[in-house]
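Read the numbers this way: they start at 1 and go in the same order the structure lists the ligands and their atoms.
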Amino acid sequence: MFGITPSARLRPSPFYEATVADGVTAFTTYNHMLMPTSFGNPEAEYWRLMHGVSQWDVAVERQVELIGPDAGRLAQLLTARDLSRCVAGQGKYVPLCNHEGVLINDPILLKLADDHYWLSIADSNIWFWARAIAAERGLRVVVNEPDVSPLAVQGPKAEDVVASICGDWVRRLKYFWFRETLIEGIPVVVARSGWSKQGGFELYLRDGSAGTRLWNIVKEAGKSWDIGPGNPNFCERVETGLLSYGGDTDDRTNPYEVRLGKYIDLSVDDDVVGVKALRQIHAAGPSRHQLGVVLDGDAPTALGFLWHEIHVGGRKVGSMTNCVWSWRLKKNIGFALIETACQAGDRVTVIKDGTPVGAELTTLPFL
Ligand code: THG
């Protein structure tokens, strides 16, 4: 569309040069960085993720590091998911809420040690938030950003590729668990995780000067499995129902509205930020919920910048928060954030760029 003017406010990824060399054609902004969103052939990139293996620059998933005797205390205050049984080497998906129970981020928490945690965050500033909570509660913890940049290896062949680099122990890693290791002398944390349902790993690079080297080690090792560059895949994540914080949420979305209730433990201590509000929301029942939308017709289309209104009987009942052509369903699909009175199976009208389009609500995930 346009060029991008570099600035010290826009932090480069350690993998930036490597993705440019590999033919990146589009970026989005996320956490004040650029994330590749296309290498020029969306359909080929999708099928490679489904059947093969793909490597992604996800350095935008920046780490909020908590270090100090009260690091575990702060981690628990920041999320209403019970962390009491989380051990070093384990990761967990943890919704963060404000005092009103509104979702403000949905990071993966990595517990490195009793006094050392990372929150691998989605697109909102959690350093401000964590420092403010720590200071207000008088905690002995330092909140900083370490030199850490995730590189995702995703797809059914990802395990073979990462095992060929690190050894067969990676095959025994459980979901969201991780281990620190060296790859040709480069310090990394290897985790079984990633923003797709096709399986895979994330290599958290711990030396930003080695980005190109790590990218090329993965690229070289992956050749036998026809690895290629990719990015968090929009189509796959909509089909499989993965949430995009900030994309599918607004500034009043609570976890129950967007299928994250299973990650909330209402029995955590009262001083956990937001838990009192979450108890009330849970008791009253949320007013909106998240469903799938399948649009009539078969012409590929995109959402653009804004949510699209969803109407029933001429009245707005919710919004379509994303929209993508599904290569597997051969339909345009998306998520609805919609009044709980609307249910799967209902017919609705989506106002797409001023034009009404018929659609049906479904349960999530689609696939
Ligand atoms: N990797 C890393 N950090 C991240 C993301 C990532 N931070 C931001 C963003 N992505 C966080 N969002 C998600 C959302 C869903 C999942 C992971 C990160 C996920 N969910 C599984 C699911 O919904 O089926 C399993 C969750 C569970 O049951 O515990 O994997 O991608 N480093």
Side-chain angles (χ1 to χ4, degrees), residues 13-15 28-33 35-37 49 54-65 78-83 85-86 90-97 103-112 117-127 130 145-146 148-155 158 162 173-179 188-206 230-234 236-249 253 255 258-265 290 292 321-322 335 363-367:
S13 159
F15 309 115
T28 189
T29 64
Y30 193 104
N31 279 329
H32 304 277
M33 294 180 67
M35 177 172 69
T37 52
L49 169 63
S54 176
Q55 67 184 105
W56 307 348
D57 170 4
V58 287
V60 298
E61 287 151 3
R62 294 168 68 161
Q63 312 307 305
V64 178
E65 181 170 69
L78 293 174
T79 182
R81 182 163 187 185
D82 178 16
L83 300 179
R85 283 179 304 281
C86 186
Q90 190 178 7
K92 273 182 182 288
Y93 184 40
V94 294
L96 309 189
C97 295
L103 189 70
I104 58 165
N105 205 295
D106 67 331
I108 295 168
L109 170 141
L110 293 88
K111 178 171 179 177
L112 292 114
Y117 291 75
W118 292 343
L119 294 169
S120 182
I121 57 169
D123 187 19
S124 74
N125 190 324
I126 296 302
W127 295 276
E145 179 169 21
V148 172
S149 304
L151 188 168
V153 187
Q154 297 287 299
V162 176
L173 265 186
K174 288 185 280 186
Y175 203 70
F176 283 147
W177 287 64
F178 62 90
R179 198 159 120 181
V188 295
V189 164
V190 178
R192 190 186 287 274
S193 59
W195 206 56
S196 89
K197 297 296 275 184
Q198 308 315 312
F201 295 83
E202 290 181 302
L203 313 178
Y204 290 74
L205 170 65
R206 300 188 79 171
N231 51 270
N233 191 280
F234 187 35
E236 192 272 349
R237 81 96 179 167
V238 176
E239 289 177 340
T240 61
L242 287 171
L243 179 74
S244 171
Y245 170 79
D248 301 321
T249 61
T253 305
V258 288
R259 299 174 294 126
L260 300 188
K262 59 180 175 234
Y263 306 115
I264 301 292
D265 297 301
Q290 198 173 42
T321 67
N322 62 54
F335 293 0
T363 53
L364 286 173
F366 292 98
L367 292 166

Counting only heavy atoms, which portion of [X] has something under 4.0 Å from ligand 1: side chain, backbone, both, or neither?
| X | answer |
| --- | --- |
| Lys197 | side chain |
| Ile121 | backbone |
| Tyr245 | neither |
| Trp195 | both |

Subject >> All side chain to side chain contact (heavy atoms under 4.5 Å, CB included) counterparts of Pro365, not counting sequence neighbours >> reply: none

**OP:** Name all residues meeting the ring-ring contact (aromatic ring centres under 6.0 Å, His included) criterion together with Tyr93; count only those two or more places apart in sequence or in a different chain, and write none if there are none.
**Re:** Tyr263

How far is [atom] from the closest protein heavy atom, and which atom is that?
| atom | answer |
| --- | --- |
| atom 25 (C) of ligand 1 | Tyr175 CE2, 4.0 Å |
| atom 26 (C) of ligand 1 | Tyr263 OH, 3.2 Å |
| atom 3 (N) of ligand 1 | Ser120 OG, 2.7 Å |
| atom 10 (N) of ligand 1 | Glu61 OE2, 3.5 Å |
| atom 1 (N) of ligand 1 | Glu202 OE2, 2.8 Å |

**OP:** Determine, considering heavy atoms only, which of Leu242, Asp106, Leu151 sits nearest to atom 11 (C) of ligand 1.
**Re:** Asp106

**OP:** Looking only at distances, please establish whether an N/O atom of ligand 1 is found under 3.5 Å from an N/O atom of Tyr30.
**Re:** no

Subject >> Sub-3.5 Å N/O-N/O distance, Arg81 and ligand 1 >> reply: no

[X] side-chain N/O to [Y] backbone N/O, donor-acceptor pair under 3.5 Å:
| X | Y | value |
| --- | --- | --- |
| Arg81 | Lys92 | no |
| Gln154 | Gln198 | no |
| Asn231 | Trp56 | no |

Original post:
Are any non-hydrogen side-chain atoms of Leu49 and Ser196 less than 4.5 angstrom apart?
Top reply: yes

Subject >> Element-labelled atoms of ligand 1 that are located less than 4.0 Å from some non-hydrogen atom of Phe176 >> reply: 19 (C), 26 (C), 27 (C), 29 (O), 30 (O)

Subject >> Proximal atoms of ligand 1 relative to Ala122 (non-hydrogen, under 4.0 Å) >> reply: 7 (N), 8 (C)

Original post:
Does Phe201 have Arg179 sitting over its ring (NZ/CZ under 6.0 Å from centre, angle to axis within 45°)?
Top reply: no

**OP:** Test Glu202 against every option in Leu151, Val58, Val188 by the side chain to side chain contact (heavy atoms under 4.5 Å, CB included) rule and name the one that passes.
**Re:** Val58

Original post:
Does a side-chain N-to-carboxylate-O contact under 4.0 Å join Arg237 and Asp248?
Top reply: yes

